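All values derive from a computational prediction rather than experimental measurement.
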Amino acid sequence: MRLGDVRGRDRALCVFYALFALGGALAMGALAVAFVRQNADAGALGVIRNFLRDATTNLASRFIYADLVLIWLGLSAFMIVESRRLGIRHVWAYIVGAPALALCASFGVFMYVRQLKLATAGKERPAAAGAAAREVVSGAGRETVGGAGR
C-alpha cells in the first residue's frame, strides 16, 4: 500500500510520521555535519572518539546519552514485536538506523511503515467481518446436533 491509497486518520498519521522523520533527519543531519566539520582533522575514528567523549563529558550529557540509549533499547523491542505482528520486513535497518542517523528519523520511518500496514489491515478487516456475518445470517456457521440445526 502507498500513501496515495490511504485516507482519513491513517493518512494524517502517515503524513505526521513522515514529516517527523524528515524533520528529525534534517535537524540531526545538520548537527552531525557541523560536528564532523568541527572535528574533521581527527579523521573518521577520531570523530567517533570525540563524539563519544563529548557525549559523556559531564553528568548532564551522560544523563541525556544514557536516556537516549535506554529509549532506543525499549523502542527496539517495540519495533521487533510490531514488525513480527504486522509483517514489517527488515526491522534491523530501523534499529541500526537509530544510532547511525538519529532515533527520531529511524523511529519516524518505522512508524510511517507501521501505519501503512495498519491501514492495509483495516481495509482487509471489513471484508473478513462481512463474510463472517453472511455466514452467520445464512446459517452456515451453526452447529448441528444429530444432523439437524439447533
Is any side-chain heavy atom of [X] less than 4.5 Å from a side-chain heavy atom of [Y]?
| X | Y | value |
| --- | --- | --- |
| M111 | E82 | no |
| M28 | L31 | yes |
| N39 | F51 | no |
| R114 | F78 | yes |
| F110 | L75 | no |
| L116 | C14 | yes |
| S76 | I95 | yes |

Do [X] and [Y] sit in the same hydrophobic cluster, where Ile, Leu, Val, Met, Phe, Trp and Tyr count as joined when their side-chain heavy atoms come under 4.5 Å apart?
| X | Y | answer |
| --- | --- | --- |
| V113 | V81 | no |
| L101 | I48 | no |
| V47 | V33 | no |
| V96 | Y65 | no |
| W92 | Y94 | no |

Give me the atom names and distance for the closest heavy-atom approach of [X] to [Y].
| X | Y | answer |
| --- | --- | --- |
| A105 | A21 | O-CB, 3.6 Å |
| G24 | C104 | CA-SG, 3.4 Å |
| M79 | V91 | O-CG2, 3.5 Å |

What distance do [X] atom [atom1] and [Y] atom [atom2] have between them, rounded to the nearest 0.5 Å?
| X | Y | atom1 | atom2 | result |
| --- | --- | --- | --- | --- |
| T57 | L52 | OG1 | CG | 10.5 Å |
| L68 | F63 | CG | CZ | 10.0 Å |
| R49 | D54 | CZ | CG | 12.0 Å |
| D10 | D5 | CG | CG | 12.0 Å |

When you look at [atom1] of [X], are more than 12 heavy atoms from neighbouring residues, nucleotides or ligands closer to it than 6.0 Å?
| X | atom1 | value |
| --- | --- | --- |
| R7 | CZ | yes |
| R62 | CZ | yes |
| L45 | CG | no |
| R53 | CZ | yes |

Check: Y112 and side-chain contact (heavy atoms from CB on, under 4.5 Å): which partner among F20, F16, F107, Y17?
Finding: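 Only match with Y112 under side-chain contact (heavy atoms from CB on, under 4.5 Å): Y17.
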